[in-house]
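Please read the structure below before turning to the comments.
To find a chain, count down the sequence lines: A is the first, B the second, and so on, and within it residues start at 1. Just so it is clear, the structure is predicted and the values come from calculations on it, not from any experiment.
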Number of protein chains: 2
Amino acid sequence: METIHLNENHTPLNDNSHLKEIIRDLGLKITQQRLAILNHVVTGKAHFTAQAAFESLSKTHPEIGFATVYRFLRKLSENGYVTEVRMGGLPARYEWAHKKHHDHLTCTKCQGIVEFENQEIEELQEKIADQFGFVLTDHVLELFGLCPKCQTKEGELPVPKNRFSSHLEPNN
Amino acid sequence: METIHLNENHTPLNDNSHLKEIIRDLGLKITQQRLAILNHVVTGKAHFTAQAAFESLSKTHPEIGFATVYRFLRKLSENGYVTEVRMGGLPARYEWAHKKHHDHLTCTKCQGIVEFENQEIEELQEKIADQFGFVLTDHVLELFGLCPKCQTKEGELPVPKNRFSSHLEPNN
DNA sequence: CCCCAAATGAGAATGACTTTCATTTTTAAC
DNA sequence: GTTAAAAATGAAAGTCATTCTCATTTGGGG
Ligand SMILES: [Mn+2]
Ligand SMILES: [Mn+2]
Ligand SMILES: [Zn+2]
Ligand SMILES: [Zn+2]
């Protein structure tokens, strides 16, 4: 029994059916927490940390615990629904894996991220794995540099040398 | 005043001059700890963790502190003398950066590492950065898969799904 | 409705670093 | 060689992301 009703702001409630579908597919029970988290993952901005998600969710769902956020994000990434990206020793960042595969080009100064896709590189990776008799299952490709803006503006890197910090939201 | 003498085992003492050279280049004072650590980095096996280096060094230099190991490894990697490789949330691993640039192909089952170099990919990366107006300064490329051995042997991954663990010494 | 396995969350635990700071070394200057 | 200031060290405490524990709550099949 799924009814659509309006909340106190008279905005239509999200149709959660596809979210429920995903949770069901994971073999998990459908809870308000998981729906809220998943909704945040799907509709919120990409490249968020678990901590950021927790804080954001806390506003509307003060009862949610960070353990639940961590747990569910892990489950989602284990099952390919979200992509976990890590750089250096920095907190993991997540993004809804609805788009086709892509890699990232990150500005080490402003943390801006450009997503790109390069079929040629993907193929070369397969070729390399083949050469060594490996069956390729995954890969990580992250490029770092200075974006056009940051090449002109003076100023030192906000991040210590050799301590990468990709995959953050841009500062500007 | 540098004299070569024999230690109690009548084996020639390492010629530390090139190690001292490196420490000097970093603008640091030459200490026994730094010489020991650097010697370990240069002559020991690659892809070691700070903890492993600390434990190994402790045997011959019981007085050395782990803070010093961490500190010096950080300094070395900041200055390009060692390469720091990280995967997933696992401890950082280091390798002496004497070889030319290479990337890694890691078996997710036995943790075996194959180093490879592919000029074509390197060039494509430059091209991509160019396309977006970035000045490329660094990159991370890690491939994951199953090595020839591990494709045949049965058994589940020793590492949780989606939690990479590249860049460890092989188990077998 | 009932029941119970699954889920939750508060807080403790973990683990990899990093920082602090009192003490020891290094080294440049006599 | 002495000496003194600056740098380095290491023991211990701190930090921080993430995981674990466990008492309590809850979803959903029967
Ligand atoms: Mn992305
Ligand atoms: Mn290597
Ligand atoms: Zn930038
Ligand atoms: Zn293997």
Side-chain angles (χ1 to χ4, degrees), chain A residues 1-2 16 19-21 23-24 26-38 48-55 57-58 61-78 82 84-94 159-165 167-168, chain B residues 1-2 16 19-20 23-38 48-55 57-58 61-78 82 84-94 159-165 167-168:
Chain A
M1 189 250 310
E2 299 245 333
N16 291 327
L19 302 185
K20 290 182 179 173
E21 188 61 41
I23 299 174
R24 237 176 261 121
L26 296 173
L28 303 172
K29 291 185 176 175
I30 291 160
T31 65
Q32 291 312 305
Q33 292 86 322
R34 299 215 253 238
L35 283 171
I37 295 167
L38 192 47
F48 59 90
T49 61
Q51 184 60 34
F54 168 65
E55 284 170 16
L57 284 162
S58 288
H61 299 75
E63 74 288 0
I64 208 165
F66 63 89
T68 302
V69 175
Y70 273 101
R71 267 190 296 242
F72 191 45
L73 283 176
R74 173 145 45 107
K75 181 68 81 172
L76 285 170
S77 82
E78 281 171 1
V82 310
E84 183 189 284
V85 187
R86 285 180 173 272
M87 263 324 306
L90 295 161
R93 290 185 173 260
Y94 301 89
V159 177
K161 265 179 275 183
N162 196 47
R163 193 126 243 121
F164 307 133
S165 60
H167 232 80
L168 307 165
Chain B
M1 187 249 311
E2 298 246 334
N16 290 329
L19 303 185
K20 290 182 180 173
I23 299 174
R24 233 176 266 123
D25 174 53
L26 296 173
L28 303 174
K29 292 184 176 176
I30 290 159
T31 65
Q32 290 313 303
Q33 292 85 323
R34 297 215 254 238
L35 282 171
I37 295 168
L38 191 46
F48 59 89
T49 61
Q51 184 60 35
F54 168 65
E55 284 170 16
L57 284 162
S58 288
H61 299 76
E63 75 287 359
I64 208 166
F66 65 87
T68 303
V69 175
Y70 273 101
R71 268 191 294 242
F72 192 44
L73 282 177
R74 174 147 45 108
K75 182 68 83 171
L76 284 170
S77 80
E78 281 171 1
V82 310
E84 184 188 284
V85 187
R86 286 180 172 270
M87 264 323 306
L90 294 161
R93 289 184 172 262
Y94 301 89
V159 176
K161 267 177 276 183
N162 196 47
R163 193 121 245 120
F164 307 133
S165 60
H167 232 82
L168 306 165

- Evaluate the side-chain proximity of A:Asn16 to A:Leu19: yes if any heavy-atom separation is below 4.5 Å, no if none is. yes
- Item | Note, A:Val69 side chain near A:Leu73 side chain (heavy atom, < 4.5 Å) | yes
- Message: With a cut-off of less than 4.0 Å, is there a side-chain N or O of B:Arg74 near OP1 or OP2 of C:dT18?
- Response: yes
- Spell out yes or no: do the side chain of A:Arg34 and the base of D:dG27 have one donor N/O and one acceptor N/O closer than 3.5 Å? no
- Item | Side chain of B:Arg71 (C-beta onward), nearest among D:dA17, D:dT21, C:dT19 | C:dT19
- Message: Looking at B:Gln32, I want to see if its CD is surrounded by more than 12 non-hydrogen atoms of other residues, nucleotides or ligands under 6.0 Å.
- Response: no
Tabulate atom names and distances for all N/O pairs under 3.5 angstrom spanning the protein and nucleotides 28-30 of chain D.
from, atom 1, to, atom 2, distance (Å)
D:dG28, OP1, A:Ile30, N, 2.9

- Query: Any donor-acceptor pair under 3.5 Å linking the side chain of A:Arg93 with the backbone of A:Glu84?
  - Reply: no
- Query: How sharply is the helix from C:dC1-D:dG30 to C:dC30-D:dG1 bent, taking the axes over five pairs at either end and rounding to 10 degrees?
  - Reply: 30°
- Message: Contact between A:Leu76 and A:Leu26 at the side-chain level, heavy atoms closer than 4.5 Å - yes or no?
- Response: yes
- Item | d(CD, B:Gln32; P, C:dT26) in whole Å | 7 Å
- Item | Separation of D:dA17 P from A:Leu73 CG (nearest whole Å) | 15 Å
- Message: Rounded to whole Å, please give me the gap between CD1 in B:Ile64 and P in C:dT25.
- Response: 14 Å
- Query: Within this structure, what is the NE2-to-P distance between A:His61 and D:dT26, rounded to whole angstrom?
  - Reply: 15 Å
- Phosphate OP1/OP2 of C:dA16 contacted by B:Arg93 side-chain N/O (<4.0 Å): no
- Length of the CD-P vector between A:Gln33 and D:dT25, whole Å: 14 Å
- Check whether any side-chain N or O of B:Tyr70 sits under 4.0 Å from OP1 or OP2 of C:dT18, and answer yes or no. no
- Among D:dG10, C:dT8, D:dT18, the nucleotide that comes nearest once only the side chain of B:Ala67 is considered: D:dG10
- Would you indicate whether the side-chain heavy atoms of B:Ile64 and B:Phe72 approach each other to under 4.5 Å? no
- Item | Euclidean distance, atom CD of residue B:Glu78 to atom C1' of C:dC17 [Å, nearest integer] | 14 Å
- Query: Does the side chain of B:Ile23 reach to within under 4.5 Å of the side chain of B:Lys20, using non-hydrogen atoms?
  - Reply: no
- Item | Nearest heavy-atom neighbours spanning A:Thr49 and A:Pro91 | CG2-CB, 4.3 Å
- d(CD, A:Glu63; P, C:dT8) in whole Å: 11 Å
- Item | Protein-nucleotide distance (B:Phe54, atom CZ; D:dA11, atom P), rounded to Å | 8 Å
- Query: What class does the angle between the rings of A:Tyr94 and A:Phe48 fall in, given that below 30° is parallel, 30 to 60° is tilted and above 60° is perpendicular?
  - Reply: tilted
